[in-house]
Visitor: 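Pasting a structure below so you can have a look.
We count ligands from 1, going down the list as the structure has it; atoms in each ligand are counted the same way.
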Amino acid sequence: MPNSTAAPLLGQSLSELSDWVEAQGQPAYRGKQLHNWIYDKGARSLGDITVFPKKWREQVCEAAAGGVGFIGRSQIAKRAVANDDTVKYLLKMADGQIVETVGIPTEKRLTVCVSSQVGCPMACDFCATGKGGFTRNLATHEIIDQVLTVQEDFDRRVSHIVFMGMGEPLLNSKNVVAAVRSLNEDVGIGQRNITISTVGLPGYIRRLGELKLQATLAVSLHASNQPLRERLIPSAAQYPIAELFDECRNYVKQTGRRISFEYLLLAELNDWPEHADELAEHLRGFQSHVNLIPYNPIVEVDYKRPDSSRVSGFKRALEDRHIAVSVRYSRGLDVDAACGQLRASELQKLAEA
Ligand code: SAH
């Protein structure tokens, strides 16, 4: 295992890598080679980098055992392909922890659904990840690694990234923001193709807005009023819905980017016409887009997915009020790779095996 004083190379910029290479007594141009091998060629160890002098490779490989020059790649512990070609990966980190990543291909896109934490502390009632509790934040390189892993496995460039795997990204803002920058600058994925999804925590959206990222912010709203939201999302008790909308409106001003609101549809709970009206009222004149997500069943709770006529009824009610809205059926349902189905306990068993 790497020692904690040596930062992994994955996540470092070209100039940081060049500095590191120079500190190892090598010419600066080897920094560019290192950058290319880590981000484009997917080198997992310095020993893989055949353009480096053999003697130096041997030296650095030895040092890497103590953490110096550790690149920071994970291992695929398990891979499951769903009927719709979505691939779910369980990735083993250097400390043995397991996280889940999902690769979602379409003809034009390859989207990676990345995790930002091992587990999640938010305990949303409808979400499998929340049922397993929280273990730790992911480091920057552990987030980037997920994208490179999917890219390599599909042998295809990743075009889009969504932070909709395990965890609450804004509770790990520092590493998530560093990963977004590196995925943009080092891996070459447009910031506008990166979506950070959050349940919303007081002050966090405002602080993210100050960074003026061009990434898309998605807010998991799931309810049109405060009591209903608190019932589904315990942390909402500390965050009045009006305050959440204030921060969101301010975010649009700060960044010039519209916000996506995720609205989970739970049959006969939050999917009545009056909820659509209430939601439309909140969003009147707001640069936003609503994504309706029909609930994906998890065993711990007995919520139900509304049938398709209720889903389209809810959608139509929003459209009638001039709200931009789409329905997002999750992919990968048959291998538990869909939204909200990423479960920590299963992963832990695997980690201990
Ligand atoms: N913590 C972040 C990101 C992870 S969840 C957030 O809350 O946004 C990604 C999305 O999946 C969120 O919108 C989440 O509410 C949704 N989700 C959780 N459980 C779900 C379920 N059982 N069915 C459908 N979507 C679910």
Side-chain angles (χ1 to χ4, degrees), residues 86 88 99-102 104 111-135 137-138 143 146 160-173 175-176 179-180 194-201 204-205 208 215-223 228-236 239 244 247-248 251 259-267 269-271 288-306 311 314 326-344:
T86 293
K88 178 170 93 163
V99 290
E100 197 150 337
T101 302
V102 185
I104 310 160
T111 302
V112 186
C113 178
V114 294
S115 295
S116 56
Q117 299 182 313
V118 182
C120 184
M122 302 312 297
C124 299
D125 198 37
F126 46 79
C127 178
T129 305
K131 302 289 174 203
F134 170 69
T135 306
N137 279 336
L138 289 184
I143 298 171
Q146 298 174 54
H160 292 73
I161 296 168
V162 292
F163 280 83
M164 295 187 185
M166 305 174 89
E168 170 45 50
L170 294 196
L171 286 178
N172 188 16
S173 296
N175 296 345
V176 165
V180 167
I194 302 177
T195 299
I196 301 174
S197 179
T198 178
V199 73
L201 293 140
Y204 282 70
I205 294 174
L208 186 72
T216 300
L217 181 68
V219 174
S220 292
L221 190 61
H222 304 331
L228 191 52
R229 194 158 193 269
E230 283 183 27
R231 186 168 153 194
L232 301 172
I233 305 172
S235 65
Y239 199 18
L244 167 67
E247 277 197 51
C248 289
Y251 183 90
I259 289 188
S260 290
F261 288 101
E262 313 289 303
Y263 194 101
L264 186 64
L265 284 173
L266 301 158
L269 190 71
N270 67 355
D271 66 341
S288 63
H289 186 96
V290 175
N291 277 316
L292 300 175
I293 318 172
Y295 167 67
N296 300 315
I298 65 168
V299 291
E300 290 88 344
V301 284
D302 64 355
Y303 297 120
K304 294 210 168 26
R305 170 185 279 209
V311 172
F314 199 89
S326 37
V327 179
R328 204 182 70 205
Y329 278 96
S330 301
R331 306 258 311 258
L333 212 53
D334 57 317
V335 293
D336 272 1
C339 295
Q341 294 190 312
L342 309 181
R343 193 179 308 275

Visitor: I need the nearest protein heavy-atom contact for atom 20 (C) of ligand 1: residue, atom name and distance, please.
Guide: G340 CA, 3.3 Å
Visitor: Considering only heavy atoms of G167, which atoms of ligand 1 have at least one such atom less than 4.0 Å away?
Guide: 1 (N), 2 (C), 3 (C), 4 (C)
Visitor: Please tell me if the side chains of V290 and E262 come closer than 4.5 Å, counting only heavy atoms from C-beta onward.
Guide: no
Visitor: Say whether G165 and ligand 1 are in contact under the criterion: heavy-atom distance to a ligand atom below 4.0 Å.
Guide: yes
Visitor: Indicate yes or no: at least one non-hydrogen side-chain atom of L138 is less than 4.5 angstrom from one of V118.
Guide: yes
Visitor: Is there a nitrogen or oxygen of S330 sitting under 3.5 Å from a nitrogen or oxygen of ligand 1?
Guide: no
Visitor: L171 versus Y204: any side-chain heavy-atom pair under 4.5 Å?
Guide: yes
Visitor: Side-chain contact, heavy-atom cut-off 4.5 Å: V335 with T86?
Guide: no
Visitor: Number the atoms of ligand 1 from 1 as they appear, then name those within less than 4.0 Å of a heavy atom of L264, with their elements.
Guide: 23 (N), 24 (C), 25 (N), 26 (C)
Visitor: Do E168 and T198 meet the criterion of a side-chain donor-acceptor pair at a distance under 3.5 Å?
Guide: yes
Visitor: Of all the non-hydrogen atoms in the protein, which one sits nearest to atom 2 (C) of ligand 1, and at what distance?
Guide: S197 O, 3.3 Å
Visitor: List the steps, then state whether side chain to side chain contact (heavy atoms under 4.5 Å, CB included) holds for S260 with T195.
Guide: CA-CA 9 Å; S260 290; T195 299; 5.8 Å; no
Visitor: Given E300, E168, R305, H222, identify the one with the heavy atom nearest to atom 14 (C) of ligand 1.
Guide: H222
Visitor: Hey, does I205 have a side-chain heavy atom less than 4.5 Å from the side chain of L244?
Guide: yes
Visitor: Is there any N or O on F163 that sits under 3.5 Å from an N or O of ligand 1?
Guide: no
Visitor: Quick one: does L269's side chain get under 4.5 Å of Y295's, heavy atoms only?
Guide: no
Visitor: Contact between ligand 1 and M122 is defined here as a heavy atom of the residue under 4.0 Å from a ligand atom; is it met?
Guide: no
Visitor: Evaluate the side-chain proximity of F163 to I143: yes if any heavy-atom separation is below 4.5 Å, no if none is.
Guide: yes
Visitor: Could you identify the single nearest non-hydrogen protein atom to atom 5 (S) of ligand 1 and state the distance to 0.1 Å?
Guide: M164 O, 4.0 Å
Visitor: Taking only heavy atoms of C127, which atoms of ligand 1 are found under 4.0 Å from at least one of them?
Guide: 18 (C), 19 (N)
Visitor: If the cut-off is 4.0 Å to any non-hydrogen atom of E262, which atoms of ligand 1 fall inside it?
Guide: 13 (O)
Visitor: Considering residues, nucleotides and ligands other than R231, do more than 12 of their heavy atoms fall under 6.0 Å from its CZ?
Guide: no
Visitor: Taking only non-hydrogen atoms of A128, do any sit less than 4.0 angstrom from ligand 1?
Guide: no
Visitor: Looking at ligand 1, would Y303 count as a contact under a 4.0 Å heavy-atom criterion?
Guide: no
Visitor: Could you check atom 16 (C) of ligand 1 against the protein and tell me its nearest heavy-atom contact, residue, atom and distance included?
Guide: C339 CB, 4.1 Å
Visitor: Answer yes if a protein heavy atom lies under 4.0 Å from atom 24 (C) of ligand 1, otherwise answer no.
Guide: yes
Visitor: Kindly indicate whether the side chain of I196, heavy atoms from C-beta on, has any atom under 4.5 Å from the side chain of L170.
Guide: yes
Visitor: For a quick check under 3.5 Å, do N296 and S330 share a side-chain donor-acceptor pair by atom type?
Guide: yes
Visitor: Using distance alone, determine whether Y295 and ligand 1 share an N or O pair under 3.5 Å.
Guide: no
Visitor: Within ligand 1, which atoms have a heavy atom of V199 less than 4.0 Å away?
Guide: 6 (C), 7 (O), 8 (O)
Visitor: Report, in ascending order of atom number, the atoms of ligand 1 lying under 4.0 Å from any heavy atom of S220.
Guide: 6 (C), 7 (O), 8 (O), 12 (C), 13 (O), 15 (O)
Visitor: Check this for me - ligand 1, P294, N or O atoms closer than 3.5 angstrom, yes or no?
Guide: no
